[in-house]
*Asks:* 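Before I ask anything, here is the structure I am working with.
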Amino acid sequence: MSFQPVLLWSDALLFILIATIIALALWARRQEPLRAAWGRVLKDGVAMAAATVLAVFVLIGLLDSLHFRERLPDQPGVPARYAVDVSSVLDALLSDLRARSEKTYSAPLATHLYSKEALADSAQREFPRLKHGGAHLGQDLSSHEFDIALRVSRGCAGGLVIWLLLVSVWCKVRGLEFIEMLKVGADGTAMRPVILTMLPILLLFGVAMSLGGSYHVFGTDKVGLDVLYLSFKAIRTSLLIGTLATLIMLPAAILLGILAGYVGGWVDDLIQYLYTTLSSIPGVLLIAAGVLMMQVIIDTHPDWFATTAERADARFLALCAILGVTGWTGLARLLRGETLKLRELEYVQAAQAFGVGRFAIMLRHILPNLMHIVVIAVVMDFTGLVLAEAVLSAIGIGVDPNTVSFGSMINTARWELARDPIVWWSLVAAFFIMFALVLAANLFADAVRDAFDPRSSA
Amino acid sequence: MLAYIIRRLLYAIPILIGVNLLTFALFFVVNTPDDMARMQLGVKRVTPEAIQKWKAERGYDKPLVWNAAAAGGAKLTDTILFAKSVRMFVGDFGRADDGRDIAREITTRMGPSLAIAVPTFVLGLFVAISFALLLVFFRATTLDFAGVVLCVAMMSISGLFYIIGGQWLVSKVWHLAPISGYSGGLDAAKFLVLPVLVNVVSGIGSSTRWYRTIFLEEITRDYVRTARAKGLPERVVLFRHVLRNAMIPILTGVVVVIPSLFMGSLLIESFFGIPGLGSYTIDAINAQDFAVVRSMVFIGSVLYIVGLLATDISYTIADPRVRLK
């Protein structure tokens with residue numbers, strides 16, 4: 001075996017999360033109201049287009065969550081050793097981008113470095129040629145623009161061909177004519193928005209791949225790393241922050257919310273006291289206090305972590321946990337209120353009269369009827385958490401400096417705005433990718449809320 | 001109503017005790033003062049004497065909750081819990097790591113924080129409610145749809161980009177206002193324009209959408225139909241009837257944040273170099289000045305509780321039917 005798989009804690013949690021979602025989806029298929037609600041989401045064009053974009057992000061995030069350590073070259077008489085740094089499948093796929101680092105900043109698609117340097121063979125300070133950006137052009141740069149145009153059109157063509165292939169396969173499966181597929185309402189399902197969204201995505205990927213082969217599409221950062229590669233890496237951080245923080249808080253919020261609402265009495269008082277106290281501390285400050293304390297723990301116990309990746313991962317998970325602790329109070333309060341209402345309904349009282357146990361009632365009769373609130377809360381929280389990560393990292397209480405995230409990208413890039421000419425590309429790349437992610441999540445969350453909220457369908 | 005206010009204030013006491021115990025646990029039990037000293041002095045090669053000195057300087061060299069060595073009442077009072085946490089109730093926050101009195105620092109830094117927060121709050125509220133009323137006036141038209149799309153798009157942009165974009169466009173390209181900084185007196189105005197503007201713009205998306213939903217819920221009510229039936233123009237219906245009846249949900253979201261305006265905005269103040277409470281907190285976080293962070297947590301929760309009480313009182317003013325008992 002030429003590599004050793006590494007399972008970071010955040011990877012494990014992510015896989016648990018995905019398994020839970022699949023299990024819940026299978027369960028929801030048998031529940032009439034949940035199936036109806038998801039059916040409404042499936043028929044919503046905007047929601048499906050947003051879901052397609054999200055799916056692409058999730059795929060990238062998943063590829064970046066399969067971690068391994070590469071095996072070092074064998075030496076006779078020494079047992080197999082593995083590299084210290086942990087890479088992911090995404091790193092392996094983008095090894096080209098990762099390896100081709102320059103000396104320092106260079107603009108997108110540039111052939112020369114951003115700053116002048118004294119060269120060996122001339123007396124003046126010149127812009128040195130990039131090692132990798134446009135290296136195939138050699139010394140003759142007259143065909144630079146033409147080369148870019150050629151590669152863009154080649155990438156577009158590639159993307160288009162893949163898209164056509166995918167659509168034809170789908171047509172074959174559904175037994176439809178190609179052109180019918182693109183008409184409104186041709187198919188009962190909402191494949192049309194999915195197919196139409198796939199086209200720009202594939203075109204963009206085609207162009208990025210074709211240009212990324214010999215240029216730095218988004219330029220390079222201060223230490224010469226390809227910004228496109230960093231943006232891909234930041235996606236996993238965003239996705240994990242958005243989902244794991246909710247996953248961590250969900251069991252506590254559901255359990256305490258239902259207990260407070262159903263059992264009442266001193267249990268209710270205690271739980272209410274608990275969440276009122278927690279929510280009365282301003283969120284940012286509680287997070288700051290938590291992160292400070294976590295930093296002390298991590299710094300005073302360096303022996304707990306074998307690799308820097310594990311250490312960064314521990315800090316990352318602690319951040320998720322702290323965000324979760326500050327976030328569960330709102331959901332618990334909502335669930336408590338809804339449980340108070342449900343408790344008085346006839347079917348719950350009938351179950352009580354039949355002598356069904358308290359916990360059985362909470363599990364079988366209350367919990368399923370709260371699921372819509374939970375689903376809405378999970379999808380609505382996602383964007384807030386993604387945006388919060390950027391802000392927290394910018395004020396120094398976010399992810400580990402070794403973890404690539406949009407927050408840390410923005411934070412390092414903002415100090416470069418004072419330069420002249422300004423270094424704008426890291427910011428612009430982070431802006432567009434984050435905007436796409438958050439916008440898609442917002443649109444999807446709205447559709448889910450409309451579909452699940454009983455008030456909106458009435 | 002007075003009885004209600006007094007009772008609510010009494011309820012606040014156990015919550016503040018809870019906050020206090022929580023921060024105490026977070027700052028002194030999860031990590032012992034020894035850990036903090038080791039972290040601040042550098043993990044490796046630190047002598048026990050240096051740790052002792054660090055602790056003594058900050059008054060962390062006492063037992064946590066029970067001082068068996070002391071006599072009588074001092075068994076309880078000569079401890080970290082009493083000296084560092086309980087004394088916060090009487091406004092004694094102790095000293096920061098740089099030796100300055102935290103309470104005095106807070107009073108001087110309150111001014112700049114309020115100078116940013118109050119205009120932002122008033123302007124933001126006014127702009128968001130006006131836009132929301134405009135969208136509701138043109139509801140179910142293309143303008144409404146475009147407005148909502150714009151709101152969702154604006155919500156999807158991280159606040160950081162508003163700040164960076166604002167600094168770049170207004171200060172660097174147009175040279176209309178300084179990029180950051182602050183000065184006292186009337187000069188402050190030119191430093192305040194940009195942060196206030198950025199803050200208002202970054203909040204427009206989500207708040208406009210929120211108020212629009214509230215207004216749309218009101219507009220389906222019977223009294224609105226009655227008002228239209230008696231021939232009132234739509235403008236009057238919106239301003240005189242819908243806006244006033246939507247006050248309760250609006251107040252719920254708005255009044256609670258008013259006391260917290262003192263705390264300032266961490267992000268805006270640190271990016272624009274405003275010497276307010278927000279940047280004080282940020283600086284303390286980065287310098288790992290635990291005493292300051294602890295004090296800000298305590299003050300923040302006091303202000304939040306005051307905000308909740310103010311919300312209840314504001315209901316009685318907005319809606320005479322509400323009686324607080």
Side-chain angles (χ1 to χ4, degrees), chain A residues 273-274 276-302 383-384 386-397 406-407 410-411 413-414 417-418 420 422 424 427-428 430-431 434-443 446 455, chain B residues 11-12 14-19 21-23 26-27 30-31 34-36 38-40 43-44 152-153 155-161 163-165 167-168 172 179 217 260 263 265-267 270-271 278 281-282 284-286 288-290 293-294 296-305 307-308:
Chain A
Y273 171 69
L274 200 67
T276 317
T277 305
L278 267 180
S279 66
S280 73
I281 304 177
V284 196
L285 289 177
L286 188 56
I287 294 168
V291 171
L292 269 185
M293 288 304 108
M294 168 195 82
Q295 227 165 319
V296 176
I297 295 182
I298 291 179
D299 283 0
T300 46
H301 300 278
T383 51
V386 170
L387 293 176
E389 184 277 327
V391 169
L392 291 178
S393 296
I395 57 178
I397 48 175
F406 289 122
I410 298 167
N411 197 29
R414 80 175 159 111
L417 283 180
D420 192 50
I422 60 177
W424 48 269
L427 274 179
V428 171
F431 172 81
M434 232 180 127
F435 181 64
L437 175 64
V438 176
L439 184 64
N442 265 334
L443 292 173
D446 280 352
R455 274 193 309 174
Chain B
Y11 279 146
I15 291 176
L16 284 177
I17 292 176
V19 170
L21 285 178
L22 186 79
T23 45
L26 207 59
F27 282 92
V30 176
N31 293 294
D34 281 19
D35 284 338
M36 287 194 275
R38 220 166 287 143
M39 155 109 172
Q40 292 241 315
V43 177
K44 281 168 197 152
V152 176
M155 278 165 64
S156 306
I157 298 173
S158 167
L160 296 171
F161 290 113
I163 298 177
I164 296 171
Q167 282 181 329
W168 176 72
K172 262 199 106 169
I179 258 188
E217 214 157 273
S260 311
M263 298 283 289
S265 156
L266 270 71
L267 196 61
S270 82
F271 269 66
T281 316
I282 297 267
I285 291 169
N286 289 330
Q288 294 173 332
D289 190 333
F290 303 103
V293 179
R294 224 170 40 230
M296 297 310 284
V297 168
F298 186 73
I299 296 173
S301 30
V302 171
L303 292 174
Y304 178 79
I305 291 169
L308 285 183

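Letters A, B, ... mirror the listed sequences (proteins, then strands); counts begin at 1.
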*Asks:* State, to 0.1 Å, how close A/L387 and B/S156 come at their nearest heavy-atom pair, and which atoms those are.
*Replies:*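 For A/L387 versus B/S156, the nearest heavy atoms are CD2-O, 4.4 Å.
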
*Asks:* Which heavy atom of A/A390 sits nearest a heavy atom of B/L160, and at what distance?
*Replies:*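 Scanning both residues completely, I find the closest heavy atoms to be O-CD1, 3.4 Å.
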
*Asks:* Which heavy-atom pair separates B/V19 from A/T277 by the least distance, and what is that distance?
*Replies:*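 In this case the closest contact between B/V19 and A/T277 is N-CG2, 3.5 Å.
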
*Asks:* Using every non-hydrogen atom in the two residues, find where B/I285 and A/L292 come nearest and quote the distance to one decimal.
*Replies:*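 Closest pair (atom of B/I285, atom of A/L292, distance): O-CD2, 3.6 Å.
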
*Asks:* Would A/L427 and B/F161 count as a side chain to side chain contact (heavy atoms under 4.5 Å, CB included) here? Give the steps.
*Replies:* CA-CA 8 Å; A/L427 274 179; B/F161 290 113; 4.1 Å; yes

*Asks:* Going by ring pair (Phe, Tyr, Trp, His ring centres under 6.0 Å), name the residues that satisfy it together with A/F435, two or more places apart in sequence or in a different chain.
*Replies:*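 A/F435 satisfies ring pair (Phe, Tyr, Trp, His ring centres under 6.0 Å) with A/F431 once adjacent residues are dropped.
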
*Asks:* Tell me whether the count of non-hydrogen atoms from other residues, nucleotides or ligands lying under 6.0 Å of OH in B/Y11 goes above 12.
*Replies:*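 At most 12 heavy atoms, drawn from other residues, nucleotides or ligands, come within 6.0 Å of this atom.
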
*Asks:* Just so I understand: if I count every heavy-atom pair under 4.5 Å between each of B/V293, B/I179, B/V297 and chain A, which residue has the most?
*Replies:*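 Between B/V293, B/I179, B/V297, the count favours B/V297.
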
*Asks:* Side chain, backbone, both or neither: which part of A/I397 has an atom under 4.5 Å from a heavy atom of chain B?
*Replies:*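 For A/I397, the contact with chain B is made by the side chain alone.
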
*Asks:* Taking atom OG of A/S280 and atom CG of B/L308, what is their separation to the nearest 0.5 Å?
*Replies:*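 Between A/S280 OG and B/L308 CG, I get 8.5 Å after rounding to 0.5 Å.
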
*Asks:* As an exercise: rank B/F271, B/W168, B/F27, B/F290 by heavy-atom pairs under 4.5 Å with chain A and give me the winner.
*Replies:*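 Option with the greatest count: B/F271.
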
*Asks:* Check whether A/V391 gets within reach of chain B through its side chain, its backbone, both or neither, counting any heavy atom under 4.5 Å.
*Replies:*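 Both parts, backbone and side chain.
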
*Asks:* Looking at A/L286, A/I395, A/V284, A/L443, which makes the most heavy-atom pairs under 4.5 Å with chain B?
*Replies:*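 Heavy-atom pair counts peak at A/I395.
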
*Asks:* Give me the atom names and distance for the closest heavy-atom approach of A/L285 to B/M296.
*Replies:*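 Minimum heavy-atom separation between A/L285 and B/M296: CD1-O, 3.4 Å.
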
*Asks:* According to side-chain contact (heavy atoms from CB on, under 4.5 Å), who are the partners of B/D289, at least two apart in sequence or on a separate chain?
*Replies:*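 Only B/A96, B/D97, B/A284, B/A291, B/V292 meet the side-chain contact (heavy atoms from CB on, under 4.5 Å) criterion with B/D289.
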
*Asks:* Name the region of A/A430, side chain, backbone, both or neither, that has any atom closer than 4.5 Å to a heavy atom of chain B.
*Replies:*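 Contact with chain B: backbone and side chain both.
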
*Asks:* For B/L22, is it the side chain, the backbone, both or neither that has a heavy atom under 4.5 Å from a heavy atom of chain A?
*Replies:*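 Contact with chain A is through the side chain of B/L22 alone.
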
*Asks:* Under a 4.5 Å heavy-atom cutoff, which of B/S270, B/G159, B/S260, B/P14 has the most pairs with chain A?
*Replies:*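 The option with the most such pairs is B/P14.
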
*Asks:* Mind listing the closest non-hydrogen atom pair of A/L439 and B/A153 along with its distance?
*Replies:*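 Where A/L439 meets B/A153 most closely, the heavy atoms are CD1-CA, 4.1 Å.
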
*Asks:* Looking at A/L437, A/V438, A/L278, which makes the most heavy-atom pairs under 4.5 Å with chain B?
*Replies:*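 It is A/V438.
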
*Asks:* Could you look at A/D446 and say if it's the side chain, the backbone, both or neither that has a heavy atom under 4.5 Å from chain B?
*Replies:*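 Answer is side chain: those atoms of A/D446 sit under 4.5 Å from chain B.
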
*Asks:* Using a cut-off of under 4.5 Å for heavy-atom pairs, which of A/I297, A/T276, A/V386 has the most such pairs with chain B?
*Replies:*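 Winner by heavy-atom pair count: A/I297.
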
*Asks:* Quick one: what part of B/I282 sits under 4.5 Å from any heavy atom of chain A, side chain, backbone, both or neither?
*Replies:*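 It is the side chain, since no backbone atom gets that close.
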
*Asks:* So what's closer than 4.5 Å to chain A heavy atoms on B/S158: side chain, backbone, both or neither?
*Replies:*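 Both parts, heavy atoms under 4.5 Å.
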
